[in-house]
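Below, read A as the first sequence line, B as the second, and so on, with proteins coming before strands; counting in each chain starts at 1. Computation of the quantities below employed the complete heavy-atom set of this structure, encompassing side-chain atoms and omitting hydrogens, waters and symmetry-equivalent molecules.
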Number of protein chains: 2
Amino acid sequence: MDDLAVRTEPAADADAAALRSAGLKVTRGRLAALRLLQRMPHSDAETIHRHAVTDEPTLSVQSMHNVLTDLTRAGLLRRIEPERSAALYERRVGDNHHHVVCRACGKVADVDCVVGHAPCLAPSDAGGFAIDTAEVVFWGLCADCR
Amino acid sequence: MDDLAVRTEPAADADAAALRSAGLKVTRGRLAALRLLQRMPHSDAETIHRHAVTDEPTLSVQSMHNVLTDLTRAGLLRRIEPERSAALYERRVGDNHHHVVCRACGKVADVDCVVGHAPCLAPSDAGGFAIDTAEVVFWGLCADCR
DNA sequence: ACGTTATTCGTAATCACTCAAAACACCCGA
DNA sequence: TCGGGTGTTTTGAGTGATTACGAATAACGT
């Protein structure tokens with residue numbers, strides 16, 4: 001039984017610990033979201049839910065939205081919103097990496113800091129704004145689509 | 001009569017010419033959109049429509065969406081979609097400038113290429129992607145909000 | 001002016017997400 | 001072991017922005 005649990009959910013304990021240390025209760029829906037985003041980053045709420053229901057048939061789409069919002073607020077997930085697409089979620093948080101989106105198929109990939117130094121962040125305050133974050137999205141064609 | 005026309009719409013002829021050279025018919029709705037975005041860039045469809053109806057009372061919101069979509073496709077407008085906000089439109093096209101959004105009031109301002117050289121565009125192809133555009137959004141607080 | 005064609009209107013529908021209220025689950029102390 | 005209380009999920013309805021579509025209308029070339 002331990003064998004089974006370990007085999008199917010190797011990172012479940014780590015996920016549970018992460019939830020607890022964020023002050024959130026460990027629930028099946030939250031574990032499912034974390035587990036699925038491990039294997040398929042840059043997924044939207046509907047996709048995550050579709051895969052989650054095979055394990056948790058009672059999980060509603062609204063609950064999944066709820067879970068994702070909570071986990072994002074808790075800093076366990078990062079939410080990105082490419083133009084013309086639904087919000088996507090990923091587990092990589094804390095580093096300021098960027099994303100590249102395929103114009104043709106919509107596929108998203110991570111892009112680490114592309115210029116040698118801090119990524120495109122202007123420390124100067126442009127037009128009186130006190131800038132704290134730079135958000136960069138690259139657009140192009142993925143290997144499959146060109 | 002000429003006086004009146006010139007006084008109220010100094011750039012109307014230029015706008016009409018731009019529409020024609022883009023292969024689009026010159027209609028009141030399109031002129032209104034272009035005229036309003038001249039004075040208030042970074043506006044969303046609803047705002048543009050609200051101002052447009054004082055001149056063009058019959059213009060529907062749906063037509064405004066239609067107009068903005070057409071003009072964007074024709075390259076006369078640029079559409080930006082900051083997270084958690086409706087799509088905004090502006091007339092500055094052709095140069096790849098960026099934007100800074102106020103976290104508090106949502107105000108948007110233009111930011112010209114912030115680093116000396118080409119703005120944050122990595123010529124290398126990251127992860128097999130052929131990148132053609134870099135889109136940068138800065139977040140911070142505007143002068144009024146801090 | 002006339003006919004062709006593009007554009008707009010009005011209604012309906014969609015999509016992604018939010019909100020509110022009720023049902024539920026789990027931990028704590030009595 | 002039994003209740004409470006807090007936090008989570010469900011259910012269902014509702015919102016805001018945008019798109020679809022067929023019919024009506026307006027621009028443009030001739």
Side-chain angles (χ1 to χ4, degrees), chain A residues 15-16 18-34 36 42-53 55-74 76-89 106 108, chain B residues 9 12-13 15-34 36 42-53 55-74 76-89 106 108:
Chain A
D15 289 347
L19 284 169
R20 267 187 279 264
S21 71
L24 294 173
K25 289 189 178 172
V26 179
T27 68
R28 302 181 134 267
R30 288 171 178 173
L31 288 175
L34 290 173
L36 285 165
H42 313 128
S43 303
D44 62 20
E46 196 265 333
T47 303
I48 303 170
H49 174 257
R50 199 172 49 246
H51 285 79
V53 285
D55 284 347
E56 309 292 339
T58 72
L59 199 67
S60 70
V61 185
Q62 289 84 342
S63 292
M64 183 51 80
H65 276 289
N66 199 354
V67 162
L68 295 171
T69 305
D70 290 349
L71 296 189
T72 302
R73 254 202 286 271
L76 295 178
L77 293 183
R78 178 170 162 190
R79 174 189 170 111
I80 61 174
E81 261 179 72
E83 315 222 334
R84 293 307 202 147
S85 120
L88 308 180
Y89 296 87
V108 176
Chain B
E9 311 292 351
D13 289 351
D15 289 347
L19 284 170
R20 267 186 277 265
S21 71
L24 294 174
K25 290 186 177 174
V26 179
T27 69
R28 302 181 134 268
R30 286 171 178 174
L31 288 175
L34 289 173
L36 286 165
H42 313 129
S43 302
D44 63 20
E46 196 266 332
T47 302
I48 303 170
H49 174 257
R50 199 172 50 244
H51 286 80
V53 285
D55 285 347
E56 309 293 340
T58 72
L59 197 68
S60 70
V61 185
Q62 290 80 351
S63 291
M64 184 50 81
H65 275 289
N66 199 354
V67 163
L68 295 171
T69 305
D70 290 350
L71 296 189
T72 303
R73 254 201 286 270
L76 294 178
L77 294 183
R78 177 171 163 189
R79 174 190 171 113
I80 62 173
E81 259 179 74
E83 315 220 334
R84 296 302 205 153
S85 120
L88 308 179
Y89 297 87
V108 177

Notebook entry, point to check: Which sits closer to the 5' end of DNA chain C, V67(B) or E81(A), going by the nucleotide each is nearest to?
Noted result: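 It is V67(B) whose nearest nucleotide is closer to the 5' end.
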Grab the [atom1]-[atom2] distance between [X] and [N] for me, whole Å please.
X	N	atom1	atom2	result
L19(B)	dA26(D)	CG	C1'	15 Å
I48(A)	dC17(C)	CD1	P	10 Å
R28(B)	dT25(D)	CZ	P	17 Å
R79(B)	dA17(D)	CZ	C1'	9 Å
E83(A)	dA17(D)	CD	C1'	15 Å
M64(B)	dA20(D)	CE	C1'	19 Å
D70(A)	dC19(C)	CG	P	13 Å
H49(A)	dT9(D)	NE2	P	12 Å

Check: Does E56(A) use its side chain to pair, donor to acceptor, with the backbone of G29(A) at less than 3.5 Å?
Finding: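 Between the backbone of G29(A) and the side chain of E56(A) there is no qualifying donor-acceptor contact (under 3.5 Å).
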Notebook entry, point to check: Is the backbone of S43(A) close enough, under 3.5 Å, to the side chain of T47(A) for a donor and an acceptor to pair up by distance?
Noted result: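 Flag not set: sc T47(A) to bb S43(A) has no pair under 3.5 Å.
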Options [options], nucleotide nearest the side-chain atoms of [X]:
X	options	value
R30(A)	dT19(D), dT8(D), dC28(D)	dT8(D)
H65(A)	dC17(C), dT11(C), dT10(D)	dC17(C)
K25(B)	dG12(D), dA27(D), dG7(D)	dA27(D)
A45(A)	dC17(C), dT19(D), dA17(D)	dC17(C)
R20(B)	dT7(C), dC28(D), dT19(D)	dC28(D)
R84(A)	dT9(D), dT8(C), dT18(D)	dT18(D)
T27(B)	dG12(D), dT7(C), dT19(D)	dT7(C)
S60(A)	dT11(C), dT10(D), dT8(C)	dT10(D)
A87(A)	dT19(D), dC17(C), dT8(D)	dC17(C)
A86(B)	dT7(C), dA17(D), dT18(C)	dA17(D)

Classify the nucleic acid contact of [X] as base, sugar-phosphate or nothing, counting any heavy atom under 4.0 Å across all strands shown.
X	result
N66(A)	base
Q62(A)	base
V61(A)	nothing

Check: Below 4.0 angstrom, N of the basic side chain to O of the carboxylate: do R30(A) and D15(A) qualify?
Finding: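 Salt bridge flag = no for D15(A) with R30(A).
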Next item on the list: Identify, between T58(A) and S85(B), the residue whose nearest nucleotide on DNA chain D lies closer to the 5' end.
Entry: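 Closer to the 5' end of DNA chain D: T58(A).
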Check: Can you name the closest pair of heavy atoms from A45(A) and M64(A) and give their distance?
Finding: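 Distance-wise, the nearest heavy atoms are O-CG, 3.9 Å.
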Check: Where do E81(B) and E83(A) come nearest, in terms of heavy atoms and distance?
Finding: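 Looking at all heavy atoms of both residues, the closest pair is N-OE2, 3.2 Å.
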Next item on the list: Check whether any side-chain heavy atom of Y89(A) sits under 4.5 Å from a side-chain heavy atom of T72(A), and report yes or no.
Entry: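 Yes, their side chains come closer than 4.5 Å.
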